[in-house]
Student: 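My structure is below; once you've seen it, I'll send some questions.
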Amino acid sequence: MIRLPMIALRGLTVFPEMYIHFDIGRHKSVRALEEALRGDQSVFLVAQKDMRDNDPGINDVYRVGTVSVLRQIIRLPGDNIRVLVEGRQRAALKAVVEEDPFCVAEVEPLKESKRSTMRLEALIREVKNKFEDYSALMSRLSPEVLINVQAAESAGYLADYITQHIPVKPPEKQSVLEAIHPAKRLERLYGILAHEVEILSIESDLHDRLRDRLVKNQKDYYLREQLKAIKSELGDGGEDEAGAYEGKIDELKLPEETAEKLKKEALRLSRQPGESHEAALIRTYLDTCLSLPWNTATKDRLDVKAARRILDKDHHGLDKVKERILEYLAVKKLAPGLKGQILCLVGPPGVGKTSVAISMARAMGRKLARLSLGGVRDEADIRGHRKTYIGAMPGRIINAVRQAGSNNALVLLDEVDKLGADSRGDPSAALLEVLDPEQNATFRDHYLEIPFDLSEILFITTANTTSTIPRPLLDRMEVIELSSYTDEEKLRIAKSHLIPKQMEKHGVGKDMLSFSAGGLRDMIAGYTREAGVRILEREIAAVCRKTAMRFAEGEPQKVTLTAKNLPEFLGVRKYRLERLPGEPEIGLARGLAWTPFGGEVLEVEAGVSEGSGKIELTGNLGDIMKESAKAAITCIRGQCDEWGIDKEFHKNRDIHIHCPEGAIPKDGPSAGITMTVAMLSALTGRPARRDVAMTGEITLRGRVLPIGGLKEKTMAAFRAGIHTVIIPAENERNLEDIDPAVRGALRFILADSIGTVLKETIL
């Protein structure tokens, strides 16, 4: 019994009297190698049962290995070592006496019989003959191996040598290694060789069949090409192909004009040389036309209740949009002949315009085709290119219909407000025919040159604003506005949609993470400032990632997100809560502004000093707000007697109007009354109320004009703790659109003139 450092080998078996080299990279194996070098360079090599096991124990390796001697060591890049060993003797593994920092095995050398018998001589001959059969089928064996096999006389050496040099599975090699008696070893090797010869024979037969088939295919291809060339010389190469196209045209039962045009193209193909450029163009054209869904349509699912369930499951709120979709389904059920409608969903980014259209297609059972129009400047993108141009292709509308595979699909046109125009035409003008129910039944793509019926298609367009959509195009669409979400709506959307979606996406279970209402509210108020919920979903995903990291690092405790520990996951707050100053101030008024990310409280400061009547406007104001400031000054000049202001203030006073956060551009027709209040407060020296915010435009005579975005503006006032909001009297009809929670917390003052505003604000 001897003790030696042990190295477990992956997929490798070492036989006595054989040289073999392999790489070592595992820490335990390297330490065992170093220990062997410090001694007599002997090491016990044994194969492990599972190559995927990185730290095998005594039960994970075979019981028979080889005592070997290290002959050469080469250190490789990456901490790997290549060693050359010589197998000396079989040995049985009895125990592993040490496992750290390397394995030390207690092994018992195994002695084999050297006695030769007639049966052993017969086995040697049979194995050599079978190996000849094997080598005839296995072309990768080197001549040196064949010579050494024929020269071998020892039965044990012959079995070990052949097994070492043939590519068989590790368990089969191990079975030969474990056979101590040479006769038993040769019997096992003979069985392995017989099995390999049978498999190699089958492989050779398959290879021969494949080679014969390839030769036949090459011959057939050559003959076909010759036949094609002969037909081309005779001028009748396209007759069969043209006949096939005509058969497909007849099967589709197309309108008479369309069928006649396509058959004419097929006739042209029959007169073209088979490999000519013109023939290739005609084939492409016919394939494109015949791939369109001329008579293919899906059956509408007109179950209003089922559609309502799908829409409610996918989206929270958006009642107006859902109601309009359900109305369409109801009318379609009563009047199946109703042509496709054109709806335009308008709203800020992230409120769910695109996802509503996708849910609508699912609710109706229609196929969906989606294309983005943002940045499209070429009219050919909509109508296609003429066939005479190189690289001509159909327009994006026809391609979308072909992609959907249905002539009554739902086609989603994203970002219709971002269409461009240049010297190559106006895409918005090309869309006029597409989005007109009275014209699109005979839509002609420049590439097709035949009418295609788009009237059954339901077109849904999306836009952030209608101001950049050309009026004629906007007139063809029914506009449905999606306003920004309130904080409470965002909270409900996060709970019912965003959190379950992101937790499932990141593999975080309910037993790993939960969100408190306070934590979600603080996330909405302090880490997002948007109209939709796109950034909110991103922040929730960040929390899920941080949670997954904690569990991956071995912290199994469930995470509950609260307002207190929110900075641990998302860092410091990105946005501060708007708070009112403690006391009213002179020359300071608060307006309400609309932005694409929701409403904002806009502070307007006014300062008056001795001067020559100069007006200074700062704070990165746009042209509209500058005009509002000038109109406000003229309006105040008409109020001088009522408020005791010097009538010559416009000559002997300098007025400075400033809107803080100068790096942010500000513009829009709703700051007129706010500037008027700020300037009047500065001129009279009387402070303006701190808990009042206002929105509305001013005329020279003091009339208050209506504004837009009232829902977002009032939401901003609610967040900032303002109690009273002054709005134009003409906006009274918009109060119904405001969230009930906001409407109940604010007092609204309807103003039709600047006098009402000043009485409510100036103390």
Student: Does some side-chain heavy atom of Leu458 sit less than 4.5 Å from a side-chain heavy atom of Tyr328?
Tutor: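 Yes. Closest side-chain heavy atoms under 4.5 Å.
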Student: Distance from Leu329 atom CG to Lys305 atom NZ, nearest 0.5 Å?
Tutor: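 With rounding to 0.5 Å, CG (Leu329) is 14.5 Å from NZ (Lys305).
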Student: Are the side chains of Thr761 and Leu680 in contact, using a 4.5 Å heavy-atom criterion?
Tutor: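 No; the side chains remain at least 4.5 Å from each other.
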Student: Crowded around Glu481 CD? As in, over 12 foreign heavy atoms under 6.0 Å?
Tutor: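 Atom CD in Glu481 is not crowded, with 12 or fewer foreign heavy atoms closer than 6.0 Å.
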Student: Going by atom types only, do Asn408 and Thr298 share a side-chain donor-acceptor pair under 3.5 Å?
Tutor: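 Side-chain D/A pair, Asn408 to Thr298: present.
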Student: Give a yes or no on this: more than 12 heavy atoms of other residues, nucleotides or ligands lie within 6.0 Å of atom CZ of Arg402.
Tutor: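 Check passes, neighbour count above 12.
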Student: Check whether any side-chain heavy atom of Trp643 lies under 4.5 Å from a side-chain heavy atom of Leu683, and answer yes or no.
Tutor: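 Not in contact.
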Student: Measuring from atom CD1 of Ile460 to atom CG of Leu343, what distance do you get when rounded to the nearest 0.5 angstrom?
Tutor: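 If I round to the nearest 0.5 Å, the distance is 4.0 Å.
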Student: With side chains defined as the heavy atoms from C-beta onward, is the minimum distance between His506 and Leu513 less than 4.5 Å?
Tutor: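 No - every pair of side-chain heavy atoms lies 4.5 Å or more apart.
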Student: So, the side chain of Asp381 versus the backbone of Pro427: is there a donor-acceptor pair under 3.5 Å, distance only?
Tutor: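 Not confirmed, Asp381 side chain does not pair with Pro427 backbone.
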Student: Would you say Glu504 has more than 12 foreign heavy atoms packed within less than 6.0 Å of its CD?
Tutor: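 No, CD of Glu504 has 12 or fewer neighbouring heavy atoms, counting only those of other groups under 6.0 Å.
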Student: With side chains defined as the heavy atoms from C-beta onward, is the minimum distance between Ile469 and Met477 less than 4.5 Å?
Tutor: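 Side chain of Ile469 against side chain of Met477, heavy atoms only: contact under 4.5 Å found.
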Student: Might you point out which heavy atoms bring Thr699 and Cys635 nearest each other, and give the distance in Å?
Tutor: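 Of all heavy-atom pairs spanning Thr699 and Cys635, the closest is O-CB, 3.9 Å.
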Student: Which heavy atom in Ser359 sits nearest to a heavy atom in Ile310, and how many Å separate them?
Tutor: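 Looks like O-CG2, 4.3 Å.
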Student: Counting neighbours of CZ on Arg534 that are heavy atoms of other residues, nucleotides or ligands and sit closer than 6.0 Å, is the number greater than 12?
Tutor: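 Atom CZ in Arg534 is not packed in, count stays at 12 or less.
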Student: Salt bridge (Lys or Arg N to Asp or Glu O under 4.0 Å) for Arg366 and Asp300? Distances and angles first, verdict last.
Tutor: CA-CA 7 Å; Arg366 290 196 177 191; Asp300 282 341; 2.7 Å; yes
Student: What's the shortest heavy-atom distance between Lys367 and Ala404, and which atoms?
Tutor: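 Nearest pair, atom of Lys367 first, then Ala404: CD-O, 2.8 Å.
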Student: Apply side-chain contact (heavy atoms from CB on, under 4.5 Å) to the pair Lys713 and Ser670, showing each step before the final yes or no.
Tutor: CA-CA 11 Å; Lys713 293 177 179 179; Ser670 63; 3.3 Å; yes
Student: Any chance NZ of Lys630 has more than 12 other-residue heavy atoms, nucleotides or ligands included, within less than 6.0 Å?
Tutor: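 Count not over threshold, so no.
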Student: Any donor and acceptor pair, going by atom type alone, linking the side chain of Arg362 with main-chain N or O of Ile358 inside 3.5 Å?
Tutor: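 Not confirmed, Arg362 side chain does not pair with Ile358 backbone.
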Student: Between Asp314 and Ser355, does the side chain to side chain donor-acceptor pair (under 3.5 Å) criterion hold? Intermediate values first, please.
Tutor: CA-CA 8 Å; Asp314 291 348; Ser355 58; over 6 Å; no
Student: Heavy atoms, side chains only, cut-off 4.5 Å: are Val757 and Thr676 in contact?
Tutor: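 No, every pair of side-chain atoms sits at 4.5 Å or beyond.
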Student: Show your reasoning for whether side-chain contact (heavy atoms from CB on, under 4.5 Å) applies to Thr714 and Thr695.
Tutor: CA-CA 10 Å; Thr714 53; Thr695 179; over 6 Å; no
Student: Quick one, Val725 with Leu592, criterion side-chain contact (heavy atoms from CB on, under 4.5 Å). Give me CA distance, side-chain angles, the key distance, then yes/no.
Tutor: CA-CA 9 Å; Val725 175; Leu592 298 174; 3.8 Å; yes
Student: Does Asn734 form a side-chain contact (heavy atoms from CB on, under 4.5 Å) with Ile738? I'd like the steps, not just the answer.
Tutor: CA-CA 7 Å; Asn734 301 118; Ile738 299 174; over 6 Å; no
Student: Please say whether more than 12 non-hydrogen atoms of neighbouring residues, nucleotides or ligands are located less than 6.0 Å from CD in Glu568.
Tutor: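 Atom CD in Glu568 is crowded, with more than 12 foreign heavy atoms closer than 6.0 Å.
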Student: Heavy atoms, side chains only, cut-off 4.5 Å: are His497 and Val533 in contact?
Tutor: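 No, their side chains stay 4.5 Å or more apart.
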Student: Taking all non-hydrogen atoms of both residues into account, name the closest pair between Ser372 and Arg396 and its distance.
Tutor: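 Where Ser372 meets Arg396 most closely, the heavy atoms are O-NH1, 3.1 Å.
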Student: Distance from Glu537 atom CD to Ile499 atom CD1, nearest 0.5 Å?
Tutor: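 Answer for the CD-CD1 pair, Glu537 versus Ile499, is 11.0 Å.
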Student: Would you name the heavy atoms of Thr560 and Ser514 that are closest together and state the gap between them?
Tutor: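 Distance-wise, the nearest heavy atoms are OG1-OG, 3.3 Å.
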Student: Indicate the atoms forming the closest heavy-atom contact of Thr465 with Asp417, along with that distance.
Tutor: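 Nearest heavy atoms, Thr465 then Asp417: O-CB, 3.4 Å.
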Student: To the nearest 0.5 Å, what is the distance between CG on Leu498 and CG on Leu491?
Tutor: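 Leu498 CG to Leu491 CG: 10.5 Å, rounded to 0.5 Å.
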Student: Compare all side-chain heavy atoms of Lys418 with those of Thr468 and state whether any distance is below 4.5 angstrom.
Tutor: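 No. Closest side-chain heavy atoms not under 4.5 Å.
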